[in-house]
Amino acid sequence: MTLSLFLACLWLVLANVLAMIPSRDNHWSRAYVLIALGLPLLGWVWWQNGPWVALLVLIAGASVLRWPVLYLLRWLRGRVS
């Protein structure tokens, strides 16, 4: 396993642990930090392991951060129509 995949798995564990801790702002500040850390990590996974592995990591990350992804899709749909 490459270092980028190891860090991606560590990111997923961290995201799940942070989701279990109560928050006053419904975890949005933590989501912003996870997105800021996850996007460069996703690029690194793409560079080291190829696009298919990066797509799997992206799907795993989107399953953890499902509400920011849902709001992004709603915003994009509003911009298009």
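Residues take their numbers from the sequence shown, with the count starting at 1.
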*For V53 and W46, what are the C-alpha separation, side-chain angles and deciding distance, and is it a side chain to side chain contact (heavy atoms under 4.5 Å, CB included)?*
CA-CA 7 Å; V53 176; W46 182 302; over 6 Å; no
*Report the C-alpha distance between L14 and L34 in whole Å, list the side-chain angles of each, state the deciding distance to 0.1 Å, and finish with yes or no for side chain to side chain contact (heavy atoms under 4.5 Å, CB included).*
CA-CA 9 Å; L14 176 69; L34 286 170; 4.3 Å; yes
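The OG atom of S4 sits 7.0 Å away from the CG atom of L41 when rounded to the nearest 0.5 Å. Taken to the nearest 0.5 Å, the CG atom of L5 stands 12.5 Å off from the CG atom of L10. With rounding to the nearest 0.5 angstrom, the CG atom of L65 is 12.5 Å from the CZ atom of R30. Taking CD1 of I21 as the reference point, atom NE2 of H27 lies at 8.5 Å (rounded to 0.5 Å).
Nearest heavy atoms, A8 versus V45: CB-CG2, 4.2 Å.
D25 meets the side chain to side chain donor-acceptor pair (under 3.5 Å) test with S23, S29; sequence neighbours excluded. Among residues two or more places apart in sequence or in another chain, the side chain to side chain contact (heavy atoms under 4.5 Å, CB included) test is passed with L58 by L42, L55.
Tracing side-chain contacts under 4.5 Å through hydrophobic residues (I, L, V, M, F, W, Y), one never reaches V64 starting from L56; they form parts of separate clusters. Residue L73 is not grouped with residue W28 when hydrophobic side chains (ILVMFWY) are merged at heavy-atom distances under 4.5 angstrom, including chains of intermediate members. Grouping the Ile, Leu, Val, Met, Phe, Trp and Tyr side chains by contacts below 4.5 angstrom, directly or via other members, places L72 apart from V57. Clustering ILVMFWY residues whenever any of their side-chain heavy atoms sit less than 4.5 angstrom apart, transitively, puts L7 in the very cluster that holds I59.
Judged as a side-chain hydrogen bond (donor to acceptor under 3.5 Å, both in side chains), not a single pair has a partner in residues 55-75 (not counting sequence neighbours).
W11 places no side-chain N or O within donor-acceptor distance of the main-chain N or O of L37, the cut-off being under 3.5 Å.
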